[in-house]
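Owing to the predicted nature of the structure, the values given are computational and were not obtained by experimental measurement. Computed over heavy atoms, backbone and side chain alike; hydrogens, waters and symmetry mates excluded.
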Amino acid sequence: MASALPANVHVSQHPCLKAKLSQLRSQSTGTRDVQSLVHEIASMVGYEALASGLETKEDGTDTSPLNYTYTRTTISPTLISLVPILRSGLSMVPALSSLLPFPVPVHHLGLYREKTTLQPVEYYNNLPYHSQSSTAPSATNTPNPLNPSHHAPGPAELAIIVDPIIATGATACAAIETLRDWGVKRIIMVSVLGSEAGLKRAAGEWEGVEIWVGGVDQEVDARGMIKPGLGDVGDRLYLTIGK
């Protein structure tokens with residue numbers, strides 16, 4: 001199945017991840033375990049995604065506790081933003097944040113699917129389109145080697161979208177298009193599960209996107225839900241089933 005996917009879609013083959021995904025599928029898995037499993041899978045997929053999507057570079061020198069000098073190493077690019085798709089994407093932010101060596105901005109995108117057309121509707125966007133630092137220097141622009149993303153004006157070089165599910169792919173495409181309009185140079189999307197058609201659709205939205213996912217199911221149903229899928233993962237995460 002994965003062999004039919006585009007080259008910019010990467011499906012984890014980790015045995016432990018596959019077992020955790022199977023646990024997450026079960027309707028008997030409670031909210032606390034759903035939250036833990038999503039976090040753990042996000043960490044595993046994110047680890048693979050960042051290993052491929054980032055590089056290392058030297059960053060000056062420092063001194064060890066034994067007073068030996070060593071060369072500091074950091075990542076490239078340093079101008080990175082995390083972009084969770086509300087609300088389910090919030091559950092993946094701690095996992096991806098913990099993998100990065102310094103804090104990065106978190107910019108939220110609120111998108112919901114209209115029930116009849118299954119098309120995404122944007123209801124919230126806090127990307128900093130109008131940043132004071134992009135037009136005039138200020139004290140906040142002083143570089144900080146421990147947090148190089150803090151002072152960066154303008155769009156990120158790399159945006160990392162986090163959303164547990166890529167079903168029809170429409171929401172993923174809308175998020176990718178929004179970030180392209182913002183001016184990002186590259187996008188990594190990290191998800192727990194995707195449908196084959198949804199992944200192909202999202203992967204084809206822009207040549208600057210790489211998609212990393214924990215697993216793939218072949219179909220979506222008439223409601224746009226993945227079969228067999230994970231159900232409504234947002235409701236399962238936040239205990240709002242039957243709202």
Side-chain angles (χ1 to χ4, degrees), residues 1-56 73 75 80 82-85 87-104 106 158-167 169 171-172 186-200 202-203 209-220 225-239 241:
M1 175 169 53
S3 62
L5 294 171
N8 58 336
V9 175
H10 312 275
V11 184
S12 178
Q13 300 301 312
H14 198 298
C16 292
L17 189 153
K18 290 175 180 286
K20 290 176 182 291
L21 183 58
S22 182
Q23 294 171 342
L24 184 57
R25 290 185 189 276
S26 175
Q27 65 178 351
S28 65
T29 301
T31 294
R32 184 169 295 176
D33 288 333
V34 167
Q35 293 169 351
S36 296
L37 287 165
V38 168
H39 176 86
E40 291 162 7
I41 294 170
S43 295
M44 297 172 80
V45 178
Y47 183 89
E48 296 177 358
L50 297 182
S52 174
L54 299 176
E55 297 180 349
T56 58
T73 299
I75 59 172
I80 300 171
L82 275 177
V83 185
I85 306 300
R87 61 186 165 157
S88 300
L90 292 173
S91 65
M92 301 174 68
V93 169
L96 271 295
S97 295
S98 70
L99 292 172
L100 294 166
F102 46 78
V104 301
V106 179
L158 172 65
I160 304 171
I161 302 174
V162 288
D163 193 8
I165 296 293
I166 301 176
T171 298
R186 290 194 297 129
I187 294 172
I188 292 174
M189 185 161 190
V190 178
S191 295
V192 172
L193 183 69
S195 75
E196 189 171 316
L199 290 167
K200 289 179 178 178
V209 65
E210 296 282 335
I211 300 175
W212 295 77
V213 64
V216 182
D217 287 344
Q218 288 188 320
E219 298 179 292
V220 296
M225 304 292 286
I226 298 178
K227 296 169 56 178
L230 305 175
D232 188 321
V233 73
D235 284 350
R236 297 180 72 199
L237 281 163
Y238 300 114
L239 205 58
I241 295 172

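From E219, atom CD reaches atom CD1 of I226 across 11.5 Å, with rounding to the nearest 0.5 Å. The CE atom of M92 sits 10.5 Å away from atom NE2 of H39, with the distance rounded to the nearest 0.5 Å. To the nearest 0.5 Å, the span separating CD1 on I211 from CG on L199 amounts to 6.0 Å. Here the CD1 atom belonging to I187 is positioned 11.0 Å from the CD1 atom belonging to I160, to the nearest 0.5 angstrom.
Between W212 and S52, the closest heavy-atom pair is CZ2-CB, 3.4 Å. Looking at every heavy atom in both residues, P84 comes nearest to L90 through CB-N, 3.9 Å. Pairing each heavy atom of L82 with each of S97, the nearest pair is CD1-OG, 3.2 Å. The two residues S43 and L99 come nearest to each other via the heavy atoms O-CD1, 3.7 Å. The two residues A159 and V83 have their closest heavy-atom pair at CB-CG2, 4.3 Å. V209 and A203 get closest at one heavy-atom pair: CG1-O, 4.0 Å.
Between L50 and V190, every side-chain heavy-atom pair lies at or beyond the 4.5 Å cut-off. In this structure the side chain of I75 reaches within 4.5 angstrom of the side chain of I80, judged on heavy atoms. The closest side-chain heavy-atom distance from L21 to L230 is below 4.5 Å. Within the 4.5 Å cutoff, side-chain heavy atoms of D232 are placed close to those of M225. By the 4.5 Å heavy-atom criterion applied to side chains, R236 and L37 are not counted as neighbours. A 4.5 Å side-chain heavy-atom check between P6 and K200 finds at least one atom pair inside the cut-off. D235 places a side-chain heavy atom less than 4.5 Å from the side chain of R87. Annotation: side chain of L54 is in contact with side chain of L100 (closest heavy-atom distance under 4.5 Å).
The closest donor-acceptor contact from the side chain of S195 to the backbone of A167 lies under 3.5 Å. A side-chain donor-acceptor contact under 3.5 Å links S36 to the backbone of R32. In this structure, the side chain of Q35 engages the main chain of L237 through a donor-acceptor pair within 3.5 Å. A donor-acceptor pair under 3.5 Å links the side-chain atoms of Q13 to the main chain of V11, judged by distance alone. A donor-acceptor contact shorter than 3.5 Å is absent between the side chain of S88 and the backbone of P164.
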Would you please test V34 and L24 for side-chain contact (heavy atoms from CB on, under 4.5 Å) and show each step?
CA-CA 6 Å; V34 167; L24 184 57; 3.9 Å; yes
Evaluate the side-chain contact (heavy atoms from CB on, under 4.5 Å) criterion for residues C16 and M44: first the C-alpha distance (whole Å), next the side-chain angles of each, then the deciding distance (0.1 Å), finally the verdict.
CA-CA 9 Å; C16 292; M44 297 172 80; 3.9 Å; yes
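The only member of D163, I166, V45, I41 that meets side chain to side chain contact (heavy atoms under 4.5 Å, CB included) when paired with V192 is I41.
When the shell of 6.0 Å around OH of Y47 is examined, it contains 12 or fewer heavy atoms from other residues, nucleotides or ligands.
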